[in-house]
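One structure below.
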Amino acid sequence: MGYRLTWIAGTSAILFTLARAHDRLLRSSVEGLPWELVLLAAAILGAALTWGGLAYRLRTTTVVVLNVVTMFLVTVRIVVPQTTWIVFPTGSSFGELRAELEFARAVIRTGVAPVIPLAGIVAILALLYWVLGFLLSWGLMRGRPYVAVLAPLVVYLQFATMDRRPSGGWTFAFLVIVGVSLLAVAYDKRREGTGMLTSGVTHLALTRSLPSLAVVTLIATLGIAVLSTNFLAGLVPRSGVLAWRAQSGLGGEYYGSVAYNPFVGIQQGLVSQTNVPIFVAEVETSEGLGSESGVALDELYWRLLTLDTFSGEQWTAGDPEIVENEDIEYFEDPAQAFRGPSKTVAQHITVLALQSEWLPSVYATRDLSAPNTAVDKGYRVKTDDGSLRFDALTYRGMTYSVLSEIPQPDLDVLSRRADGSLSAAFGGAVENGEYEAPPATEPPVLHELSDPERYLALPEDDDLDDVANLATDRVAGLETDFEKGLALEAYFTTPGNFRYSDSIDPGHTATSLAAWLLEEDSPNYHLGYCEQFSTAMAVMARQVGIPSRVVLGFTPGTTLDDGRVVIRDRNAHAWVELWMPAQGWIPFDPTPRGNFVIPTLDGVPFDIATYLEVPEPEPVIFDPDDPVIVRPQIDEPLDIPERV
């Protein structure tokens, strides 16, 4: 057999791609044969069928047809075995095969590796490895050795692109495989006489040097390209650098779907939120919704994820710990969990127009289940806040059930100093008869936040020094973090000081937080929507020593006649959570918009601003009677499935 070393090199390259897929792209099979064996068998069948056909001197066209027919039968058997008769497809096979392959395609395009080995994904990869086996045999039997060894290396590069983690030792191994493969081809060609010269010592020496020179040049080029790509990848921000990317975390409707960027920033872009329903939910509590002991539907804020890293312009999720669902010990880190009273809320969610890798739920998840195995097994958990990440994008008709614990902030705890006495603001309200506090009890138990530096970190920026001075002024004289949080929130929500608007022209915006807050001649000074307000408050909280994070999610939706809640695109929102050692993460909403109020401030039975010893609000800039400029909404018919 000719090209013996090239056969070994080509086979090794195929096994190398399989090793990369095993280590980085797909999780282990949960039932049936391991997917690795399926792919290996596909490559062997492709190589053997091609070798046998060519050995019996069949035409290449005939061999290709034979491979295609066999691949199709194997694909149907892998993806929809329940619809086949022995090994042959039936009438129902084609529709189910198409649906499975479309879902697999969506996971491949949008999933975050490693993903679960869906039958459709395994089938697509089996086809790929079948082709690699075909090219290995065809290339070596038709005198095209470079086709045999380079095809799997191209596939490997595609796998490396799909895998978004650092390559580590894989880069070095890839370069070794490339060099060995090219040397094997050069040696086999020379041994077969294709590279020998007929005469001329100088000509002979030159020809012998060409393969080595080509190998060295190729390896050097690939090494520089791969290593420089790895280096530059760390310099690209998570939000991207291309001008066509939306500068807002609040996305918009595209081709019937709605998506949201996983970041929030100070720069204002075009916001075009619509009435499009993005998901609908049936919500249940153990006490019953709407009762005194239950949770009212208009208090349920839905969240996608929390953002803990500020770059100077944007809040992102940084580098969160993501846990595989089979390795989950807890959905939310116990050191981050709320320590006060809570209420259990079950949500049965049906996705409509939402396309997101994050699954919406109310507060931190305690459990998730789904009728679809791909959904039930295809999610992971961001443990610092219990957010759920799906291996692909959510799709219309996707259903799942989530169990959450809704925090119920206890003012009797939050209103007290470390020694158990009432803080100044709440003490003043008691003296004026506006607040009834229980008798002094034991000092509240204070809980330490895990990794507090992560939630206090800010970039070094001279402009932020001016913002820090503003933040310090706003909380001057206050003693507790809770009062400081209320003071920062009141700074933004005080009528006339800031104005809400989602009608801002893109390109006419302040480029920094300091300019937006402090420079009266900057574009859109004190004018913005939830992204700007949450960005500003979270930064200012860190500057006065309060750990903070920004939440990307949705305000309470609209209750339908059948009792379900529908969340629309216009409900997309961002707010702030601050760490209070006595209870945990407490929500605040600094957006000066009157149609929704976070229950924290709503639960204070008096005007907290009158008891906060902070400077007087700045002179009125806007008419306090007209604080909101909202783009008019067009009523659209609801495309919501009937309740099951």
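The structure displayed is predicted, hence computed values, not measured ones. What you see below is based on every heavy atom in this structure, not just the backbone, and it leaves out hydrogens, waters and symmetry mates.
- Aromatic ring pairs are classed by plane angle as parallel below 30°, tilted from 30° to 60° and perpendicular above 60°; the pair Y156 and F16 is parallel.
- Each of T61, N67, V68 was compared with V64 under the side-chain contact (heavy atoms from CB on, under 4.5 Å) criterion, and only V68 meets it.
- Side-chain contact check for V565 versus V280: every heavy-atom pair is 4.5 Å or farther apart.
- Remark: the T83 side chain and the S93 side chain contain an N/O donor-acceptor pair separated by less than 3.5 Å.
- Residue S401 comes nearest to H348 through the heavy atom pair OG-ND1, 2.9 Å, listed as atom of the first residue, atom of the second, then distance.
- For F279 and W302, the distance between ring centers is under 6.0 angstrom.
- Under a 4.0 Å N-O distance rule, the pair D308/R454 qualifies as a salt bridge.
- Among residues two or more places apart in sequence or in another chain, the side chain to side chain contact (heavy atoms under 4.5 Å, CB included) test is passed with L128 by L125, V155, F159.
- Ring-centre distance between Y379 and W358: not below the 6.0 Å cut-off.
- The pair D384-R549 does not meet the salt-bridge criterion, since no charged nitrogen lies less than 4.0 angstrom from a carboxylate oxygen.
- Closest non-hydrogen pair, L135 versus A151, comes out as CD1-CB, 3.8 Å.
- S387 contributes a side-chain N or O that, together with a main-chain N or O of L304, makes up a donor-acceptor pair within less than 3.5 Å.
- In this structure, CZ in R20 is found 10.0 Å from CZ in F174, a value given to the nearest 0.5 Å.
- For the residue pair T17 and Y129, a side-chain donor N or O sits within less than 3.5 Å of a side-chain acceptor on the partner.
- In this structure, W35 has no side-chain hydrogen bond (donor to acceptor under 3.5 Å, both in side chains) partners at least two apart in sequence or on a different chain.
- With no hydrogens or angles considered, a side-chain donor-acceptor pair links S404 and Q347 at under 3.5 Å.
- The neighbour count for H22 NE2, taken as heavy atoms of other residues, nucleotides or ligands under 6.0 Å away, does not exceed 12.
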